[in-house]
There are 2 protein chains.
Amino acid sequence: MDEQGMDEHGTCGHHAHEDRTQNAGTHGAHDHGACAHGPARAGDLVARAERLAQARGLQFTALRRRTLEVVAEEGRPLGAYDIAERLSVPGKRVAAVSVYRALDFLTEHGLVHRIASRNAFVPCEHGHGAGESAVFLICRRCGNVDETTSAEIERSLDRTLAQAGFKPASRIVEIEGECGACQGKAEAE
Amino acid sequence: MDEQGMDEHGTCGHHAHEDRTQNAGTHGAHDHGACAHGPARAGDLVARAERLAQARGLQFTALRRRTLEVVAEEGRPLGAYDIAERLSVPGKRVAAVSVYRALDFLTEHGLVHRIASRNAFVPCEHGHGAGESAVFLICRRCGNVDETTSAEIERSLDRTLAQAGFKPASRIVEIEGECGACQGKAEAE
DNA sequence: GTCCGGCCTGTTACAGTGTAACGCTCGGCG
DNA sequence: CGCCGAGCGTTACACTGTAACAGGCCGGAC
C-alpha cells in the first residue's frame with residue numbers, strides 16, 4: 001500500500017541536513033575510474049534489489065527501499081543513526097532499531113556492506129554475491145569508500161587459510177589511507 | 001604501588017572462566033607455529049614491552065602492564081569493559097576510559113591488536129612493527145583468534161592498492177570462520 | 001467470513017562502545 | 001619553590017547494537 005505515500009519524501013523530504021558531505025564541491029579531481037559514487041547509482045541499486053527480491057521471493061518493503069536509497073545516495077559510510085535521522089520527518093521518527101533490521105536484510109542479500117572499522121554502511125557497488133569478498137579502500141581525508149575485488153588477493157588468502165586449516169565464512173579487508181584525489185590535494189597544501 | 005596487590009587475582013581471580021581455549025588439547029593438526037596462545041606467552045609479551053619501553057623511552061606504567069597482562073592471559077578477544085572488570089578489585093574500580101587509554105598506548109606500539117569486527121583486543125603474537133599487517137583468523141565457535149602474516153597476501157594487496165592509486169596507512173584483514181580444532185568437533189557431533 | 005500464523009514495523013528498555021573535558025597527582029626541571 | 005607535562009580518576013555524554021513486547025498487515029486454513 002504505502003508505495004506511493006513514500007515517494008514524496010524518499011529523496012528530499014529531510015530538509016537541509018547541513019551538508020556534511022564537505023567533499024561534494026571539490027572532489028571532481030580524481031579519476032581512478034571507480035568513483036561513480038552517489039545518487040547516479042542509487043537508482044541502479046534499487047532496481048537490482050527489486051529484481052533480486054522478485055527472484056528470491058523476498059519482501060522489499062518501503063522501509064528497506066528507503067534505507068537502501070539513503071545509503072546509496074550518500075556514497076560515504078553512514079551510521080545507522082545517521083540513516084534513521086535522514087529517514088525521519090518531523091512528526092514521523094524512524095527508530096534506529098528499525099534501520100538495523102533493514103540493514104540486516106540489505107547486508108544479508110549483498111545490497112550494502114558494513115564497514116567494520118567505522119561501524120557504518122556503504123552501498124554495494126558490485127553485483128557480487130554475499131559470499132564473494134571485497135576490498136574496501138577508506139580515505140582518511142574525504143571519507144569516501146571505494147570497493148574493489150581482486151582475484152589475486154582472494155587466491156593468496158585462500159592459500160593462507162588452507163594452510164592454517166581454517167574454514168572461512170566471511171572476510172573483512174579494509175584499508176585505511178589516502179585516496180588518489182586526496183593525495184593530490186595534500187600536495188597542493 | 002599496587003604491584004603486588006595485583007598478582008593474586010591476575011591469573012585466577014576471575015573464577016573459572018570455563019576454559020574456552022579448548023583447542024589446546026585437540027588441534028595438533030596444524031603446525032604453522034603461531035598457536036601458542038594464552039598464559040604461557042603473557043610473560044614474554046610483558047618482557048618485550050619492557051624492553052621496548054626502555055629502548056624508546058616510554059612509560060610502561062602499572063596500568064599499562066596490567067592491561068597487557070590481562071589481554072595476554074586471556075588469549076581470546078576481550079572488550080575494554082571486560083578488561084576494566086578484570087582489573088577492578090572490590091573497592092578499587094578501574095574505569096573503562098582508563099583502559100582505553102592504556103589500550104591506545106599498547107596498540108600504538110604494536111603490543112596488542114584491535115579486532116574491528118568484534119570491538120575487542122588481542123595480544124600481538126608476533127614481533128612485527130605497527131606498520132606491518134597481520135591476518136586474523138577468528139573462530140566462530142570457540143572465539144579464539146589466530147594471528148598470521150603472509151608476504152604473498154601483502155604483495156597482492158600492495159599491487160591492488162598501487163593500481164587504485166591508494167596510499168595505505170593501516171590494513172585490516174579479519175577472517176571469520178571455523179578453526180581446525182572446531183571443524184573436528186563439528187564432525188564429532 | 002473468521003481465525004490463525006508469519007513477517008514486518010514501532011516502541012521501550014537496556015547493555016556495550018568510545019570520546020570529551022576537567023582536575024588531580026607525581027616527577028623532572030629551572 | 002613553582003612550572004609543566006604525562007598519566008590517571010572521574011563525570012558526562014554520544015554512538016552502537018540487541019532483547020523483548022505490542023500492533024498491523026497479509027495469506028492460508030477452516
Side-chain angles (χ1 to χ4, degrees), chain A residues 1-6 10 17 20 49 53 56-68 70-71 76-89 91-109 112-122 143, chain B residues 1-3 5-6 49 53 56-68 70-71 76-109 111-122 143:
Chain A
M1 30 85 68
D2 42 12
E3 292 303 77
Q4 63 288 17
M6 286 307 141
H17 53 290
R20 275 130 111 204
R56 300 190 198 174
L58 305 171
Q59 298 190 42
F60 190 49
T61 64
L63 179 64
R64 291 170 179 176
R65 188 161 58 78
R66 289 161 55 200
T67 301
L68 180 58
V70 167
V71 173
R76 195 173 58 89
L78 273 184
Y81 280 64
D82 292 331
I83 298 171
E85 201 179 331
R86 279 168 174 65
L87 288 178
S88 296
V89 286
K92 190 63 184 171
R93 267 191 49 74
V94 174
V97 60
S98 296
V99 174
Y100 277 112
R101 290 191 283 230
L103 288 170
D104 284 344
F105 173 89
L106 296 172
T107 54
E108 198 170 324
H109 295 98
V112 309
H113 291 295
R114 176 187 165 77
I115 306 295
S117 60
R118 297 286 180 105
N119 295 325
F121 300 82
V122 293
Chain B
M1 29 133 348
D2 42 16
E3 294 302 82
M6 282 311 137
R56 300 190 198 174
L58 306 171
Q59 299 190 44
F60 190 48
T61 64
L63 178 63
R64 290 170 179 176
R65 188 162 58 78
R66 288 161 55 201
T67 301
L68 180 57
V70 167
V71 173
R76 196 172 58 87
L78 273 184
Y81 280 64
D82 293 330
I83 298 171
E85 202 178 331
R86 278 167 175 66
L87 288 179
S88 296
V89 286
K92 190 64 184 170
R93 266 191 50 74
V94 174
V97 61
S98 296
V99 175
Y100 277 112
R101 289 191 283 230
L103 288 169
D104 284 344
F105 173 89
L106 296 172
T107 54
E108 198 170 324
H109 296 98
L111 296 164
V112 309
H113 291 294
R114 175 188 166 77
I115 306 294
S117 61
R118 297 285 180 107
N119 295 326
F121 299 83
V122 293

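A note on names: the letters A, B, ... follow the listed sequences, proteins ahead of strands, and every chain is numbered from 1.
Atom CD of B:Glu108 and atom C1' of D:dA6 are 13 Å apart (whole Å). Put simply, CD1 on A:Ile83 is 14 Å from P on D:dC15, counting in whole angstrom units. Between A:Ile115 atom CD1 and D:dG17 atom P there is a gap of 12 Å when expressed in whole angstrom units. Nucleotide D:dA6 holds its P atom 11 Å from the CZ atom of B:Arg64, rounded to whole Å. Atoms CG (B:Leu103) and P (D:dC8) sit 12 Å apart, rounded to a whole Å. Remark: C1' of C:dC8 and CZ of A:Arg66 are 14 Å apart, rounded to the nearest angstrom. With rounding to whole Å, A:Gln59 atom CD is found 10 Å from D:dC25 atom C1'. The nearest whole Å value for the distance from the CG atom in B:Leu87 to the C1' atom in D:dG9 is 14 Å.
Partners of A:Tyr100 under the ring-ring contact (aromatic ring centres under 6.0 Å, His included) rule, at least two apart in sequence or in another chain, do not exist in this structure. Residues meeting the side chain to side chain contact (heavy atoms under 4.5 Å, CB included) test with B:Ala116, sequence neighbours left out: A:Ala116, A:Ser117, B:Ile172, B:Glu174.
Taking both residues in full, the closest heavy atoms of B:Ala95 and B:Ala84 are given as C-CB, 4.3 Å, listed atom of the first, atom of the second, then distance. Across all non-hydrogen atoms, the minimal contact from B:Gln59 to B:Arg64 is O-NH1, 2.7 Å. For B:Thr67 against B:Ala102, the heavy-atom pair with the smallest separation is OG1-CB, 3.7 Å.
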5' to 3', nucleotides 11-30 of chain C under a 4.0 Å protein heavy-atom cut-off (B base, S sugar-phosphate only, - none) gives BB----BBBBB---------

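For the pair B:Leu63 and B:Leu87, the minimum side-chain heavy-atom distance is below 4.5 Å.
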